[in-house]
2 protein chains.
Amino acid sequence: MEVQNPQHLPFELTKEFLNEIQALIEQDSKEELIAKIEDLFPADITSILYELNGQESKYLVQLLEVKVAAEIISDLDSDDRIKFLKNFTSQEIAVYINEIDSDDAVDILNEQPVRIREEVIALLKDRVQARYIIDLMHYDEDCAGGLMQKELIKINVKQTVTECVEEIRRQAEEVEKVYSVYVVDDDGQLLGTVSLKKIILAKRGSKIQDVFDSDEIVSVPTYMSGEEVADIMQKYDLEAIPVVNIQGRLLGRITIDDVVDFITESAQEDIQVMAGISEDVEEDDSVWLLVRSRLPWLIGGMVGSFLAAKLIEQFDSAISLMPTISAFIPLIGSTGGNVGIQSSSLIVQSLADKSGLDTTFGKRLKKVIVVALINALIAGCFSFACSFLVDNGDTMLSLTVAISLFAVVMLASLMGTLTPLALNQLKINPAVASGPFITTTNDILGYGVYFLIVYLLL
Amino acid sequence: MEVQNPQHLPFELTKEFLNEIQALIEQDSKEELIAKIEDLFPADITSILYELNGQESKYLVQLLEVKVAAEIISDLDSDDRIKFLKNFTSQEIAVYINEIDSDDAVDILNEQPVRIREEVIALLKDRVQARYIIDLMHYDEDCAGGLMQKELIKINVKQTVTECVEEIRRQAEEVEKVYSVYVVDDDGQLLGTVSLKKIILAKRGSKIQDVFDSDEIVSVPTYMSGEEVADIMQKYDLEAIPVVNIQGRLLGRITIDDVVDFITESAQEDIQVMAGISEDVEEDDSVWLLVRSRLPWLIGGMVGSFLAAKLIEQFDSAISLMPTISAFIPLIGSTGGNVGIQSSSLIVQSLADKSGLDTTFGKRLKKVIVVALINALIAGCFSFACSFLVDNGDTMLSLTVAISLFAVVMLASLMGTLTPLALNQLKINPAVASGPFITTTNDILGYGVYFLIVYLLL
């Protein structure tokens, strides 16, 4: 690799490289294949697997060292991994699970049917790993307990730096990334940490008691939500955080790579919810999955629109006398929708941001109303000017549209603010209120207001 | 702190605590204040500053050690920091900038007016820091060069582990988080790394040459975009990545905490773009800023709706003969909008996901058309059934609505797919296409199609 890539730049998969790999697999040229991929990082081989079929993938992975293969398997996307592991027996899976960090091992097993899960655990050679896995399976996957791994290095506060170095040596294989050593008392209670930098700089004979930091540590309880853990690690710039039980005993640690994945997935989930996509899908999923993920909100929106149609139909006679009324239906609907989504997104964002004190409900509402008033006034005036142009100078109609728009902006702002707050209280993801749900609701409300004002004024 | 918080749980700011702090500031009780906050982490004091006014904040920060105060200042949100630093002289700012990591120091200085920026750099006591800052100011803030810090520990490949430990000791103050030591040759070319774990386990006398990893390293060039850096660090699970110039010389490193912030900000930006909010605002920004950030898309959407109104007005005579036509306007508009946003979000998401080969344009389009066809057929049939109920059994009108809806779903899917792809080609954030822009465009197109079909069939 040194000669090929002196700047150590990241590997990029090309069509040519992929074709070569596929040809070598077909020719069963094991040695050439190994020569071609042995200098790649596991994550690069993972990106190749995404482009191969099940049989090709299995062939390639079985050429690799077990440790590398295990890392690749734990790297795969959940959907792809389920398909991939279908080609393996429980015995084969157990060999890989032995080598995978306990948190990832649990995630992988949880994707499998119960029978395979039990078989694999029973077949694990490493009984410590089996115990870790069984321990971790108790926790919900989105809380600190579900995100933590059991692999970490801990040392009793009464020991010495020399013993600590020995412990690191003993576990060097097991614990890939160390960052710091956790210091506990005889009861396993977390007292503090020693960073690797400190261990390097400390005299070998010194006591842990004299070198460790007791106040430079933050831990989280097992039941804390993944979002809160992510916020805390981000706030304190941590690369790992210890997880403790209610008595303060050290149970495991969460590393930043898992939290980064968690943050990315949560953001993607929120965007999908806003877009009215009801399942976690990607562009390259099957057509059936793509259709299924989009239909619920599509049909939901249509039901809302038919309710609106039923409402508008009540005003058939008015419309037939003055058909221009109907030309402003889109204005009312889309302005209401836009305002609603703007309002709800701001609230959702501020609910997600945990820094500082919570804004009180009253203060929040007051501000929303002031902003809504200004926007509504501007929108109303702008609309009066524009509709005057559209309806050829009918002052009364322009006034009706402007007043309706004012009311719709006010109403949509309030709805867009109150709905996510209510959902949050009910422990439902408030981002739901930034999607088709709020648009549809605001549409119907808006048409109601518009035709009410038409009825009153015209 | 030990006694108060034996589990080392994260600090939570309460209203009571804040009131005490404010009271102590007012009473000018320096010692009591220090006692109250000295056990807190800098990030916790930052969260207190968000609730204080400028004078109170300055008073509090000036009580702290310079190093702690510097960390708090680099922790603050950009907007709040600008306000906060208005209370300080260039001389005072320089004292803090001396202690801040070079990447953060540059971010802070870039927020200041040019005059203050130049003054602060001239006033810096630490001339190495001044050189670092001037170096880093050349880079765009969203590329690898702009995200990197100059603080890192490097060692010549010809040196020994003992010398490496001495280098770590010498720089222990300067480089807070080490992770690993970078190995370079006489020209400063990056050859590899040694992890701290390896240094601990290696014999002190060994040569770096014999212990370092030359193939376990990925570096990025200065011009790489922040998104790509984030993807690479996430793909390879890195806590720091070295940045090299075109000749492979080591220039700096990017640490995971900055990348996490970058990921979070990018996700938030995308959500705001989707919600039609045109500036980076938060709920607690000023009313004026909130109004200003929302008006452009609000007015933009209204202009679109007035164009739609002009279009619908052309069909006044048809509507006055058959007013029920207008009852289906919301159905056409909102279904088109929903479908467009669903399509564009999927494409935006898959454009952001760099793993694997790019899907070819033809393949992508084929799949989009298949999914759209199925959705359009289902939507059309569903609508036929529903509109039959709404318009009291008028087969011809129901058919017109169903055909229009079919056409609108197809059209909106295509628009929702092609717009982000085109924006991406033009190097504009494709998320723009998931917001009001795509809804408004689809609205107008949809009404056009609907009234065309009304005109043809009825």
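Lettering follows sequence order; numbering is per chain, from 1.
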Heavy-atom cut-off 4.5 Å, strictly under: side chain, backbone, both or neither for [X] against chain A?
X: B/Q268; value: side chain
X: B/S344; value: neither
X: B/E176; value: backbone
X: B/I232; value: side chain
X: B/L405; value: side chain
X: B/I378; value: side chain
X: B/V178; value: side chain
X: B/E12; value: neither

Determine the option with the most heavy-atom pairs under 4.5 angstrom with chain A, choosing from [options].
options: B/L346, B/I168, B/I200, B/I325; answer: B/I200
options: B/T439, B/I299, B/T440, B/I199; answer: B/I299
options: B/D75, B/I241, B/I263, B/L295; answer: B/L295
options: B/V291, B/T264, B/N338, B/D270; answer: B/V291
options: B/M322, B/M233, B/K198, B/E239; answer: B/E239

Part of [X] within contact of chain B (heavy atom distance under 4.5 Å):
X: A/S383; answer: both
X: A/I374; answer: side chain
X: A/Q272; answer: side chain
X: A/S343; answer: both
X: A/F315; answer: neither
X: A/T417; answer: neither
X: A/D237; answer: both

Is there a side-chain contact between [X] and [Y] in this structure, where contact means two heavy atoms from C-beta onward sitting under 4.5 Å apart?
X: A/Y236; Y: B/D44; result: yes
X: A/I271; Y: B/Q349; result: no
X: B/S195; Y: A/K177; result: no
X: B/R294; Y: A/N375; result: yes
X: A/K235; Y: B/F41; result: no

Among [options], which has the most heavy-atom pairs under 4.5 Å with chain B?
options: A/I319, A/T46, A/I444; answer: A/I319
options: A/V165, A/V409, A/I48; answer: A/V165
options: A/T335, A/D258, A/D285, A/V303; answer: A/D285
options: A/A372, A/A172, A/G301; answer: A/A172
options: A/V370, A/I341, A/L298; answer: A/L298
options: A/I312, A/D257, A/D316, A/L238; answer: A/D316

Over all atoms of both residues, closest heavy-atom pair of A/S334 and B/S305 =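 Taking A/S334 first and B/S305 second, the nearest heavy atoms are OG-OG, 2.8 Å.
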task = Specify the closest pair of heavy atoms between A/S345 and B/A275, including all atoms of both residues, with the distance to one decimal.
result = OG-CB, 3.0 Å
inquiry  = So does A/G276 get a backbone contact from the side chain of B/Q342, meaning a donor-acceptor N/O pair under 3.5 Å?
reply    = yes
message = Quick check against the 3.5 Å criterion: does B/K197 have a side-chain atom that pairs as donor or acceptor with the backbone of A/L196?
response =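 No; judged by distance alone, with no hydrogens or angles, the pair does not exist.
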key: Gap separating the CD1 atom of B/I329 from the CD1 atom of A/I332, nearest 0.5 angstrom   =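 One finds 12.0 Å between CD1 of B/I329 and CD1 of A/I332.
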